[in-house]
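Here the structure is laid out as structure tokens; the discussion comes afterwards.
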2 protein chains.
Amino acid sequence: MGDKRTPSGFLLKQRAFLKLYLITLTEQERLYGLKILDVLRQEFKPFGYRPNHSEVYKALHDLIEDGILKQVKMKKEGMKYQEVVYYRFTEDGYKKAQLYKKQLKAELDRCDALIRKAIKDNFG
Amino acid sequence: MGDKRTPSGFLLKQRAFLKLYLITLTEQERLYGLKILDVLRQEFKPFGYRPNHSEVYKALHDLIEDGILKQVKMKKEGMKYQEVVYYRFTEDGYKKAQLYKKQLKAELDRCDALIRKAIKDNFG
DNA sequence: TAATGAACATCATGTTCATCG
DNA sequence: CGATGAACATGATGTTCATTA
């Protein structure tokens with residue numbers, strides 16, 4: 001009945017990490033899937049992290065299922081015909097998003113503490 | 001031929017994290033599998049992380065395959081008959097261990113930077 | 001060909017089962 | 001029952017394929 005599996009509570013998952021960024025990006029600028037991927041890859045390049053397109057799409061779809069984002073199909077800037085999928089908050093999506101961010105903040109803080117502890121414990 | 005899959009380079013894996021701790025614990029005190037599990041669970045309890053016994057054993061076995069640790073079957077303290085498996089460094093295991101730790105240090109630093117960036121980018 | 005998405009494959013990890021003392 | 005380990009099951013994530021503009 002309940003969960004099939006109980007997470008051990010190690011570090012946060014990539015999916016959650018991406019969802020957080022997608023929310024923040026939606027607050028800031030209007031972008032579509034592959035463009036977001038470009039932006040993230042550039043951002044994380046110095047950190048050796050290179051997400052793939054599937055993960056970004058799945059994270060976006062997750063946010064839609066969560067009722068936070070909705071799709072807006074629009075013509076791409078400059079292009080007359082190419083239609084791409086932009087995202088914006090649903091009616092109460094922004095509020096939900098803030099709640100999600102709050103949770104992720106706690107999770108990021110927890111992970112940061114865990115990693116710092118490991119550095120201290122093993123390289124004290 | 002080469003790798004079947006290329007990691008995206010997100011956060012470090014639990015297995016590597018545990019291997020690092022196992023090396024450090026081996027440097028410090030002589031413990032056996034389930035006792036190590038106890039210690040780690042106590043340590044990480046405040047951080048919401050509770051590893052399971054299989055992961056610890058797999059990490060130990062990994063270190064053996066890496067030629068870093070070897071098993072030493074011994075009588076458990078106080079018990080006359082119960083035999084448990086302790087671990088110590090192989091001949092050149094300690095040197096290999098230091099190399100591994102060095103790599104993990106870099107990896108932990110990278111993860112720390114990534115998480116701090118996320119905090120800054122999304123909650124700056 | 002770029003963009004989106006689904007299907008598929010594999011890896012990381014959690015749960016259960018077997019054995020031994 | 002505690003300890004070790006293997007077998008098994010599931011979840012997370014990377015790769016490939018299909019469709020459409």
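Scope of the values below: all heavy atoms of this structure, side chains included, with no hydrogens, waters or symmetry mates. Below, chains carry the letters A, B, ... as their sequence lines are ordered, and counting in each starts from 1.
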Closest nucleotide among [options] to the [X] side chain:
{"X": "B:Lys58", "options": "C:dT13, C:dA3, D:dG5", "value": "C:dT13"}
{"X": "A:Asn52", "options": "D:dG5, C:dG14, D:dG14", "value": "D:dG14"}
{"X": "A:Ser54", "options": "C:dT13, C:dT15, C:dA6", "value": "C:dA6"}
{"X": "B:Val85", "options": "D:dG5, C:dA3, C:dG5", "value": "D:dG5"}

Give the rounded distance in Å between these two atoms: [atom1] of [X] and [atom2] of [N].
{"X": "A:Gln14", "N": "D:dT15", "atom1": "CD", "atom2": "C1'", "value": "14 Å"}
{"X": "B:Lys73", "N": "C:dG21", "atom1": "NZ", "atom2": "P", "value": "11 Å"}
{"X": "B:Lys13", "N": "C:dT13", "atom1": "NZ", "atom2": "P", "value": "7 Å"}
{"X": "A:Leu60", "N": "C:dT4", "atom1": "CG", "atom2": "P", "value": "9 Å"}
{"X": "B:Lys35", "N": "D:dT4", "atom1": "NZ", "atom2": "P", "value": "10 Å"}
{"X": "A:Gln71", "N": "D:dT20", "atom1": "CD", "atom2": "P", "value": "16 Å"}
{"X": "B:Tyr86", "N": "D:dA3", "atom1": "OH", "atom2": "C1'", "value": "11 Å"}
{"X": "A:Leu34", "N": "C:dA2", "atom1": "CG", "atom2": "P", "value": "10 Å"}

- [ ] Look at B:Ser8 and D:dT13 and indicate whether a side-chain polar atom (N or O) is within less than 4.0 Å of OP1 or OP2.
- [x] no
Task: N/O (side chain, A:Tyr57) to phosphate O (OP1/OP2, C:dG5) under 4.0 Å - done: no
When we call it a touch if two heavy atoms are under 4.0 Å apart, what does [X] touch: a base, just sugar-phosphate, or nothing?
{"X": "A:Tyr32", "value": "sugar-phosphate"}
{"X": "B:Phe17", "value": "nothing"}
{"X": "A:His53", "value": "base"}

Open item on the list: Please compare B:Leu12 and A:Tyr87 by the position of their nearest nucleotide in DNA chain C and report the one closer to 5'.
Closed with: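 Comparing both residues, the 5'-ward one is A:Tyr87.
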- [ ] Count the heavy atoms of every other residue, nucleotide or ligand shown that sit under 6.0 Å from NZ of A:Lys96, and state whether that count exceeds 12.
- [x] yes
TODO: Fit a plane to each ring of B:Phe17 and B:Phe44, take the angle between them on a 0 to 90° scale, and name the class: parallel (under 30°), tilted (30 to 60°) or perpendicular (over 60°).
DONE: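 Aromatic pair B:Phe17/B:Phe44 classed tilted.
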TODO: Indicate the ring-plane relationship of B:Phe89 and B:Tyr94, choosing parallel, tilted or perpendicular according to the 30° and 60° boundaries.
DONE: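 Perpendicular.
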Task: Donor/acceptor link under 3.5 angstrom from B:Arg5 side chain onto base of C:dT10 - done: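 Per atom types, the contact qualifies.
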Task: Residue closer to the 5' end of DNA chain D, A:Glu83 versus A:Tyr49 (nearest nucleotide) - done: A:Tyr49
Open item on the list: For a quick check under 3.5 Å, do A:Gln103 and A:Gln98 share a side-chain donor-acceptor pair by atom type?
Closed with: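 There is no such pair between these side chains.
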- [ ] Kindly indicate whether a cation-pi arrangement holds for A:Lys73 with A:Tyr86, taking the cut-offs as under 6.0 Å to the six-membered ring centre and within 45° of the axis.
- [x] no
